[in-house]
Number of protein chains: 2
Amino acid sequence: MEAAARVIARRGVRGLRVEELAAEAGVSTALIYYHFKDRAGILRRTLEFINDRAAGYTTGRDPDAAPLGPRQELEQALLLELQDDELVRENSTAWGELRASAIFEPHLQEDLARATLIWVQEIAALLGRICPMATASGLTVAAERLTGLVEGLSMRWLSGILPLEHARELVLDAVDAELERLGQR
Amino acid sequence: MEAAARVIARRGVRGLRVEELAAEAGVSTALIYYHFKDRAGILRRTLEFINDRAAGYTTGRDPDAAPLGPRQELEQALLLELQDDELVRENSTAWGELRASAIFEPHLQEDLARATLIWVQEIAALLGRICPMATASGLTVAAERLTGLVEGLSMRWLSGILPLEHARELVLDAVDAELERLGQR
């Protein structure tokens, strides 16, 4: 799975060749087909792997430090995607390639939609801890906007057209705006 | 240029073959090289073409209708990227492919950054007409967030994981939030 994420980040989904993947993983192409059945299977499992890996991102924060408040936890969760870290870059690049390829590989759409929904729900839950009086639909649309913004800015950052620090500031400021909107600061 | 935009939207930048482009345009590969010099030239000029074409998007609104107020003009400018129109889909898909490829084709970064900056400045100018007392930096960051959000949601919509109408609602709501933030409604 690590090899698949690397190859997709490097070549895109359309440039993914099973021979290159096998060489990168140090196994035979037969083994790849045995495990994943076909190309669609490789893509689906790589998407899953990328999402699991993103869920495990850390900030390198001392685990013995005092627990974060809900606001800091929310900010940290959104900023995890905007870190100058090789793994984050590779993961986000591969995610962008998989998402873009869903235009041509419709079988990926359901998995992409589910992964996005889980992310939105996590952010909505964190927003709900800060704004307990907000409605569920208010929390969801705020989370959809924040995650959509992070995704848009992450693509600009990865493409070298937006400095990382500025992307992070824009996100923190959007958190401010959404919380204000939800009626609590 | 139209053929290049179509081929990039269909195959991605990495899948762009000059032979296919020549066939699509109905000309010889020699003519393509004569005009664009090399692959980098094709990409740069296609990016320019895509941006010019996006600047000409219309909503099909009656040109004799009463002029829009600044708020409606702002909303319309942002929603132009979220229209169920074949040309908008193709243009946005090609833009996404060119932006993603800038990770590997650094000569594109400057052109992408300039195109993004022009879009941000246009939106900041419209925001400024609604909120004349806001600071220039406040208008710019609001425009960066709104355009970043539109870009993120547009990618989700193109990938089939976000319904168009919902994407448009999220943008209109974000306009509300940013204007509230800028201190004027």
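Residue numbers start from 1 in every chain, and the chains themselves are labelled A, B, ... in the order their sequence lines are given, proteins ahead of strands. None of these values were measured; they are calculated from a predicted model.
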Counting only heavy atoms closer than 4.5 Å, note whether A:Arg99 contacts chain B via side chain, backbone, both or neither.
-> both
Among B:Ser159, B:Gly148, B:Gly152, B:Ala113, the residue with the most heavy-atom pairs under 4.5 Å to chain A is B:Ser159
May I have the step-by-step check of side-chain contact (heavy atoms from CB on, under 4.5 Å) for B:Glu180 and A:Arg181, ending in yes or no?
-> CA-CA 9 Å; B:Glu180 213 166 315; A:Arg181 205 90 212 291; 3.3 Å; yes
Is the number of heavy atoms from other residues, nucleotides or ligands under 6.0 Å of B:Tyr33 OH greater than 12?
-> no
If you tally heavy-atom pairs under 4.5 Å against chain A, which of B:Val150, B:Val171, B:Leu112, B:Thr147 wins?
-> B:Thr147
Verify same cluster id: B:Leu80, B:Leu127 (apolar side-chain graph, 4.5 Å) = no
Of A:His166, A:Arg114, A:Arg89, A:Glu105, the largest count of non-hydrogen pairs under 4.5 angstrom with chain B goes to A:His166
Distance from B:Glu144 atom CD to A:Leu149 atom CG, nearest 0.5 Å?
-> 10.5 Å
With the 4.5 Å side-chain cut-off for hydrophobic clustering, are A:Trp95 and A:Met1 part of the same group?
-> yes
Between A:Leu153, A:Val13, A:Leu158, the one whose heavy-atom pairs under 4.5 Å with chain B are most numerous = A:Leu158
With a cut-off of 6.0 Å (strictly less than), are more than 12 heavy atoms of other residues, nucleotides or ligands near CD of A:Glu24?
-> yes
Quick one: CD on A:Gln109 to CD1 on B:Ile161, what's the gap to the nearest 0.5 Å?
-> 8.5 Å
Between B:Ile123 and B:Leu79, is there a shared hydrophobic cluster once you connect ILVMFWY residues whose side-chain heavy atoms come closer than 4.5 Å?
-> yes
In terms of heavy-atom proximity below 4.5 Å to chain B, should A:Ala9 be classed as side chain, backbone, both, or neither?
-> backbone
In this structure, are over 12 heavy atoms from other groups packed under 6.0 Å from B:Glu73 atom CD?
-> yes
Might you work through the side-chain contact (heavy atoms from CB on, under 4.5 Å) test for B:Glu151 and A:Arg156, ending with a clear yes or no?
-> CA-CA 9 Å; B:Glu151 219 165 313; A:Arg156 285 189 187 170; 2.8 Å; yes
Would you call B:Glu97 and A:Arg14 a salt bridge, taking side-chain N to carboxylate O under 4.0 Å as the test?
-> yes
Working to the nearest 0.5 Å, report the span between CG of A:Asp173 and CZ of B:Arg145.
-> 4.5 Å
Going only through I, L, V, M, F, W and Y residues with side-chain contacts under 4.5 Å, is there a path from B:Ile50 to B:Val120?
-> no
Report whether B:Leu117 and B:Leu126 are members of the same hydrophobic cluster (ILVMFWY, side-chain heavy atoms less than 4.5 Å apart, transitive linking).
-> no
Most contact-rich option vs chain A, by heavy-atom pairs under 4.5 angstrom, among B:Leu146, B:Leu162, B:Val141, is B:Val141
